[in-house]
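All values derive from a computational prediction rather than experimental measurement.
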Amino acid sequence: MEEDLYLHDEIRSWGERLCDFQYVPVLSRPGADWEGRQGYVQEVATEDIGDFSEHAIYMCGSPDMIASAKKLFVERGANPGFIYADAFNFQHTLAPAE
């Protein structure tokens with residue numbers, strides 16, 4: 001949902017100051033009023049960027065999303081040495097000790 005976008009207004013403003021910066025928010029589960037891009041961010045990125053061979057890629061998200069995105073970007077020419085990722089591993093609730 002749009003309210004879940006991290007620092008949305010601030011990041012959007014960076015495009016006004018940085019010449020090579022483009023912010024494209026993507027929601028996989030948008031609300032009814034969302035008019036922006038929809039789907040998985042890695043798939044939207046491959047629609048916009050056909051060849052990743054000249055890009056360094058920085059990602060964060062679930063381990064499954066990171067693995068899927070890395071595979072997709074490497075298939076599109078990304079150098080694995082220039083893919084940087086931080087997977088969010090969520091701690092499971094522990095069962096009470098007996």
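- For the residue pair I11 and Y23, the shortest heavy atom distance occurs at CG2-CD1, 3.3 Å.
- Shown here is E35, whose CD atom has no more than 12 heavy atoms of other residues, nucleotides or ligands within 6.0 Å.
- For R29, the CZ atom sits in a loose shell: 12 or fewer heavy atoms of surrounding residues, nucleotides or ligands are nearer than 6.0 Å.
- Aromatic ring orientation, Y84 versus Y58: parallel (interplanar angle below 30°, classes split at 30° and 60°).
- Remark: E75 CD is packed, more than 12 non-hydrogen atoms of other residues, nucleotides or ligands lying under 6.0 Å away.
- For D33, the CG atom sits in a loose shell: 12 or fewer heavy atoms of surrounding residues, nucleotides or ligands are nearer than 6.0 Å.
- The two residues V74 and I83 come nearest to each other via the heavy atoms CG2-CD1, 3.9 Å.
- Shown here for K70 and A85, the closest heavy-atom pair between the two residues is CE-CB, 4.0 Å.
- Summarising the geometry of I57 relative to A78, their closest heavy-atom pair is CD1-CB, 3.8 Å, with the distance given to 0.1 Å.
- Taking OG of S13 as the start and CD of E10 as the end, the distance is 6.0 Å to the nearest 0.5 Å.
- To the nearest 0.5 Å, atoms CZ (F73) and CE (M59) are separated by 6.0 Å.
- Between P25 and L5, the shortest heavy-atom distance links the atoms CB-CD1, 3.9 Å.
- Taking both residues in full, the closest heavy atoms of F88 and P63 are given as O-CD, 3.3 Å, listed atom of the first, atom of the second, then distance.
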CA sep, side-chain torsions, deciding dist, call: E47, R37, side chain to side chain contact (heavy atoms under 4.5 Å, CB included): CA-CA 11 Å; E47 291 172 7; R37 303 288 292 275; 3.1 Å; yes
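- Using modelled atom types, one finds no donor on one side chain facing an acceptor on the other under 3.5 Å when comparing S62 with D64.
- Note on W34: it clusters hydrophobically with Y6, by side-chain heavy-atom contacts below 4.5 Å among ILVMFWY residues.
- Distance check: Q42 CD to R76 CZ gives 11.0 Å after rounding to the nearest 0.5 Å.
- Taken to the nearest 0.5 Å, the OG atom of S68 stands 6.5 Å off from the CD atom of E43.
- Summarising the local packing, CZ of F82 is surrounded by 12 or fewer heavy atoms from other residues, nucleotides or ligands at distances under 6.0 Å.
- Cluster membership for L7 and L27, using ILVMFWY side-chain heavy atoms within less than 4.5 angstrom, is shared.
- Counting non-hydrogen atoms of neighbouring residues, nucleotides and ligands closer than 6.0 angstrom, the CZ atom of F21 exceeds 12 such neighbours.
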